[in-house]
Protein chains: 2
Amino acid sequence: MEDGKLTVRAVERALDIMLCFTGASELTLTEIASRAQLHKSTVHRLLASLEGKGFIMRDGSTDKYRLGYRLWELSANLSKEGDPGIILLPEMERLRDQLGETISLYVQDGLVRVRVQAVQSNHAIRRVAPVGARMPLYVGASSKVLVAFAEPALQEQLLASADWPTGLDQTAFLQQLSDTRRAGFATSVEEREPGAAAVSAPVLDRGGRLVAALAVSGPANRLTLELMQEQAPLIVEAARRMGTMLR
Amino acid sequence: MEDGKLTVRAVERALDIMLCFTGASELTLTEIASRAQLHKSTVHRLLASLEGKGFIMRDGSTDKYRLGYRLWELSANLSKEGDPGIILLPEMERLRDQLGETISLYVQDGLVRVRVQAVQSNHAIRRVAPVGARMPLYVGASSKVLVAFAEPALQEQLLASADWPTGLDQTAFLQQLSDTRRAGFATSVEEREPGAAAVSAPVLDRGGRLVAALAVSGPANRLTLELMQEQAPLIVEAARRMGTMLR
DNA sequence: AACTGTGTTTCATATAGTGAAACTTTTTTT
DNA sequence: AAAAAAAGTTTCACTATATGAAACACAGTT
């Protein structure tokens, strides 16, 4: 073909089908066909293969397709001691106790970020509600970290996206990315949410690949820019330590 | 071919390659080829496809292949609020507080089970070490649950396995599976570990599919058979509630 | 330098995946 | 209830496409 890659089309299509489920919990065959730009019968065959190995399953009542638990089983292989979301929790709790603010962990997914783990500043009860929340990659400290340390292709994709907010300056954004790479962390004050501020540092695996962004967030009147600059080394260090826990 | 399934061979092979990583964190191309019974060049092409989509990555220093973080991202789609290992934690903590014993969550993976989450009876510090531990599917309360409620194919595979322990009666094992299905839970006393006992109940998703086994374990002198029978309904109910939290 | 072990690329071959269309089942509309 | 529309599934001829042998590169050993 035209691209120089030595690759298997059927496999890429099957993986694309799984990627269709980012943001959508269940899809019908025709929805998948339309999203992945494939013919119904092709999708049907690929789904049968995915389902047979447990990567896709069907909802008993709605008969729609959804991701299978095999993915969870395999993701337990990503860190030394099992599920990364679990293994990174103690370090996040330690940081929360140290700084007294809410700690979040984000991963990039397409052109959004997903909060995969969080511990609240409130010491009493763990608020699990916001885990799973999806936010744009355009604004916020963690977005800057996730884009700045990602592969360059993501930046281009993001800037070229049709969803880029009108009135958001791309040159300034690029400058912020460059600042983030140099400093090793990013801050944001009332970018995504009025009255909120955050500091964020990258969690890199042993190969130096970006895995997630660790963020400390709180009310802007408490988390001043000065305080965040001061606390940044602690957050960078915690993120570094979390990286070493991954395989 | 001989089986009636309409499926795509290349895709099944690619998925098999990912499944090679259960128990092994990193593998070389030739190791994968040998495990999956495929030719080097086939594996190479399939790996290139998997790597391109982030399902496989290469370790920077050793150059070996390992699973990619895309799997973790996708597994966040499996429960309503993100990573299942995280979302199920509060319910496990509640049960621990109620019964005062260690609570574990196991998923089946090939012919072993993996502890994907645990909360210790010790209230002070969460002991994260045993998460990720792998145990045989032949013995223990959770093994019985995982096999009893799995698809019948697993039972056959397990009984036919070359690793079946000599001196372990298959008829008795099948009887225990049948008892487990009828009762809705399983117990074990000093089966896997001397001096230890456990009760286990299945976590089923809304479609009734087995996802995991929830287990309460402790010293056999405290967890008598009578006490476990008495506590079983609580564990069954907690496992049921956990199932409803999954998508 | 010869050697075993990796990972990678090339290339002829026919297998194996493809998509149009036919067919069945389910859901919606009349 | 009947008709129509949509979703899911299977069949099948075709050739595009994945395959594996072999050859190539590129380490690390001896």
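Note that the structure is predicted; figures quoted are calculated from it, not measured. Here is the naming used below: chain letters follow the sequence lines, and residue numbers restart at 1 for every chain.
- Using a distance-only test at 3.5 Å, with no hydrogens or angles considered, no donor-acceptor pair links the side chain of A:S161 to the main chain of A:Q157.
- Residues passing the side chain to side chain contact (heavy atoms under 4.5 Å, CB included) test with B:A201 are B:F185, B:I235, B:V236, B:A239, sequence neighbours excluded.
- Mapping A:Y65 and A:A10 onto DNA chain D by nearest heavy atom places A:Y65 at the nucleotide closer to the 5' end.
- Here the side chains of B:F55 and A:F55 are not in contact, with every heavy-atom distance at 4.5 Å or above.
- Stacking of B:R58 on the aromatic ring of B:Y65 is recorded, both the 6.0 Å distance cut-off and the 45° axial limit being met.
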For nucleotides 25-27 of chain C, list the nitrogen or oxygen atoms of the protein found under 3.5 Å from its nitrogen or oxygen atoms, one pair per line.
none

What string of B, S and - do you get for nucleotides 20-30 of chain D 5' to 3' if you count protein non-hydrogen atoms under 4.0 Å?
BB---------
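- Panel note: side chain B:S200, backbone B:S143; no donor-acceptor pair is recorded below 3.5 Å.
- Taking atom CG on B:L46 and atom C1' on D:dT17, their separation rounds to 13 Å, with Å as the unit.
- As a whole-Å value, the separation of B:L29 CG from C:dG5 C1' is 13 Å.
- A 4.5 Å side-chain heavy-atom check between B:L46 and B:I32 finds every atom pair outside the cut-off.
- Distances shorter than 4.0 Å separate none of the side-chain N or O atoms of B:H44 from OP1 or OP2 on C:dG7.
- Counting to the nearest Å, the C1' atom of D:dT19 and the CD atom of B:E12 are 16 Å from each other.
- Between the C1' atom of D:dT10 and the CG atom of A:L47 lies a distance of 15 Å, rounded to the nearest Å.
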I'd like to know whether B:R13 forms a salt bridge (charged side-chain N to carboxylate O under 4.0 Å, His left out) with B:D16, so could you lay out the CA-CA distance, the side-chain angles of the two residues, the decisive distance to 0.1 Å, and finally the verdict.
CA-CA 5 Å; B:R13 287 177 164 186; B:D16 282 337; over 6 Å; no
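- Side-chain contact between B:Q175 and B:T171: absent, with no pair of heavy atoms (C-beta onward) separated by less than 4.5 Å.
- In terms of position on DNA chain D, the residue among A:V11 and A:T28 whose nearest nucleotide sits closer to the 5' end is A:T28.
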